[in-house]
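Encoded as structure tokens, the structure appears first; notes follow it.
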Amino acid sequence: MNPYDHRKTLSQYQLIRLPQVKELTGLGKSTIYRLIDEGDFPKQVPLGARSVVWVKSQVEDWCLSKVKLAHG
């Protein structure tokens, strides 16, 4: 097994917080949570009682899907 394959797998599960999600998407907090409620944005992952994160690759995939829709 290639040792770099393990890193690639780990990077798919890199966790990011809301400020990074906002930066990647250009969306505001209320829009992100509205889209989650509508089922049109990746759900957050709870880490604790008051802490949530998102899986970076899921947010990036969402961004790419929006670009593909815009460009047919």
Side-chain angles (χ1 to χ4, degrees):
M1 178 178 181
N2 183 337
Y4 297 106
D5 290 343
H6 181 66
R7 274 195 230 155
K8 182 178 179 186
T9 302
L10 288 176
S11 71
Q12 291 174 348
Y13 299 102
Q14 183 179 0
L15 303 176
I16 58 174
R17 296 193 180 274
L18 184 61
Q20 290 83 21
V21 174
K22 290 168 56 177
E23 185 178 328
L24 282 172
T25 63
L27 300 174
K29 176 181 176 179
S30 60
T31 302
I32 290 167
Y33 281 101
R34 179 178 51 81
L35 290 171
I36 291 169
D37 288 342
E38 293 172 357
D40 190 30
F41 195 82
K43 289 186 176 185
Q44 62 275 56
V45 177
L47 289 184
R50 294 173 35 126
S51 180
V52 297
V53 293
W54 282 259
V55 178
K56 184 177 182 181
S57 63
Q58 292 177 357
V59 175
E60 290 172 334
D61 289 347
W62 180 88
C63 291
L64 287 172
S65 73
K66 295 302 176 186
V67 170
K68 288 178 183 177
L69 281 176
H71 293 287

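The distance from the OH atom of Tyr33 to the CD atom of Glu38 is 15.0 Å, given to the nearest 0.5 Å. Ile36 contributes atom CD1, which lies 11.0 Å from atom OG1 of Thr31 (distance to the nearest 0.5 angstrom). Going from atom CG of Leu64 over to atom NZ of Lys66 covers 12.0 Å, rounded to the nearest 0.5 Å. Atoms OG1 and CD1, from Thr25 and Ile32 in turn, are 4.5 Å apart once rounded to the nearest 0.5 Å.
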Worked check of side chain to side chain contact (heavy atoms under 4.5 Å, CB included) between Leu35 and Leu27: CA-CA 10 Å; Leu35 290 171; Leu27 300 174; 3.7 Å; yes
Criterion side chain to side chain contact (heavy atoms under 4.5 Å, CB included) on Lys56 and Leu15, from CA distance to verdict: CA-CA 6 Å; Lys56 184 177 182 181; Leu15 303 176; over 6 Å; no
Full working for side chain to side chain contact (heavy atoms under 4.5 Å, CB included) between Lys29 and Val21: CA-CA 9 Å; Lys29 176 181 176 179; Val21 174; over 6 Å; no
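Glu23 is linked by a salt bridge (charged side-chain N to carboxylate O under 4.0 Å, His left out) to nothing, counting only residues two or more places apart in sequence or in another chain. Judged as a salt bridge (charged side-chain N to carboxylate O under 4.0 Å, His left out), and not counting sequence neighbours, Asp61 has no contacts.
The minimum heavy-atom distance linking Pro42 with Trp54 is given by the pair O-NE1, 3.2 Å.
Contact of the Val55 side chain with the Glu60 side chain is not registered, since no non-hydrogen atoms from C-beta on lie closer than 4.5 Å.
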Run the side-chain donor-acceptor check on residues 43-53: report pairs under 3.5 Å with partners two or more places apart or on a different chain.
{"unit_1": "Ser51", "atom_1": "OG", "unit_2": "Arg17", "atom_2": "NH1", "d": "3.1"}

